[in-house]
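Working notes, beginning with the structure itself.
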Amino acid sequence: MKKVITTIILIIISFVLQCTVFEALAIKGVVPNILIILTACSGFMQGERYGVFTGFFCGLLLDVFFFEIVGFYALLYMYIGYMNGLFHNIFYPDDIKLPLIMITASDLLYSLVVYILMFLLRSRFDFGYYFLNIILPELVYTVFIAVIMYPLLLLITNLFKRAEKKEE
């Protein structure tokens with residue numbers, strides 16, 4: 001139960017950071033996607049179920065506060081959390097390469113799906129502009145923040161794993 005409550009608190013903190021602090025630290029209007037980092041890390045650190053749980057609530061917060069279509073981002077983040085959870089068995093906490101690769105792939109997938117479903121279907125075909133000015137800078141900024149945020153999330157996850165072992 002403590003793990004779920006902590007995950008909910010992390011989701012809220014990440015959402016607030018993404019919408020306030022990092023909006024103020026935006027570089028040319030680009031903000032890192034903290035919620036993707038949290039969703040991806042939950043998936044590969046704790047498995048598919050926690051990835052889906054975290055992804056759903058991260059996406060739901062975005063849907064409720066910022067978008068007209070409730071459920072689009074919740075579903076998208078759920079899939080991202082689930083796909084990252086599939087790599088739970090090959091996750092090694094000391095190796096940062098897999099987490100960074102997965103966060104990069106998750107953010108790229110997220111951006112491409114948003115482009116296809118929100119822009120391409122509205123006949124906005126300038127993918128080159130969107131890729132160079134939105135997707136790529138957000139991807140770089142997100143990976144940079146992930147390098148800082150990953151050790152903190154790993155520490156929190158390890159604390160809960162130790163507490164679970166003591167209870168057993």
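Any value given below was found using the heavy atoms of this structure, including those in side chains, with hydrogens, waters and symmetry copies removed.
Side-chain atoms of Val114 and Tyr130, non-hydrogen and from C-beta on, do get closer than 4.5 Å to each other. At least one side-chain heavy atom of Tyr150 sits less than 4.5 Å from a side-chain heavy atom of Met45. Residues Val70 and Leu60 are in side-chain contact: their nearest non-hydrogen atoms beyond the backbone lie under 4.5 Å apart. Side-chain contact between Phe22 and Ile145 is present, with at least one heavy-atom pair separated by less than 4.5 Å. Side-chain contact between Phe67 and Tyr73 is present, with heavy atoms from C-beta onward closer than 4.5 Å. Counting only heavy atoms from C-beta outward, the side chains of Phe44 and Ile90 never approach each other to under 4.5 Å. In this structure, the side chains of Gln46 and Phe160 stay at 4.5 Å or more apart for every pair of heavy atoms. Residues Ser106 and Thr39 have side chains not in contact (no heavy-atom distance under 4.5 Å, counting atoms from C-beta outward).
Ring pair Phe15/Phe66 is tilted by interplanar angle, where 30° to 60° counts as tilted.
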Audit row: Phe72, Leu117, side-chain contact (heavy atoms from CB on, under 4.5 Å) steps and yes/no: CA-CA 10 Å; Phe72 173 74; Leu117 296 178; 3.4 Å; yes

Trace of the side-chain contact (heavy atoms from CB on, under 4.5 Å) decision for Ile8 with Phe53: CA-CA 10 Å; Ile8 291 171; Phe53 172 81; 4.0 Å; yes

Worked check of side-chain contact (heavy atoms from CB on, under 4.5 Å) between Tyr50 and Lys3: CA-CA 10 Å; Tyr50 267 91; Lys3 194 175 189 181; 3.5 Å; yes

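Heavy atoms only, all atoms of each residue included: Val31 and Ala26 are closest at CG2-CB, 3.9 Å. Nearest heavy atom pair, residue Leu100 against residue Thr104, reads O-OG1, 2.7 Å. Counting all heavy atoms, side chain and backbone alike, Ile69 lies closest to Met118 at CD1-CE, 4.3 Å. Shown here for Ser111 and Glu138, the closest heavy-atom pair between the two residues is OG-OE2, 4.0 Å. Pairing each heavy atom of Leu35 with each of Ser14, the nearest pair is CD2-CB, 3.8 Å. What you find for Gly71 and Asp63 is that their closest heavy atoms are N-OD2, 2.8 Å.
For Ser42, the side-chain hydrogen bond (donor to acceptor under 3.5 Å, both in side chains) partners are Thr54, not counting sequence neighbours. Shown here are the side-chain hydrogen bond (donor to acceptor under 3.5 Å, both in side chains) partners of Asn33, two or more places apart in sequence or in another chain: Tyr77.
Without hydrogens or angle criteria, Asp107 side chain to Ile103 main chain gives no donor-acceptor distance under 3.5 Å.
Atom CZ of Phe127 is surrounded by more than 12 heavy atoms from other residues, nucleotides or ligands within 6.0 Å.
Under a hydrophobic clustering in which Ile, Leu, Val, Met, Phe, Trp and Tyr are joined whenever their side-chain heavy atoms come within less than 4.5 Å, directly or via other members, Phe131 and Tyr115 fall into the same cluster. Both Leu153 and Val21 are members of a single hydrophobic cluster when ILVMFWY side chains are connected at heavy-atom separations under 4.5 Å.
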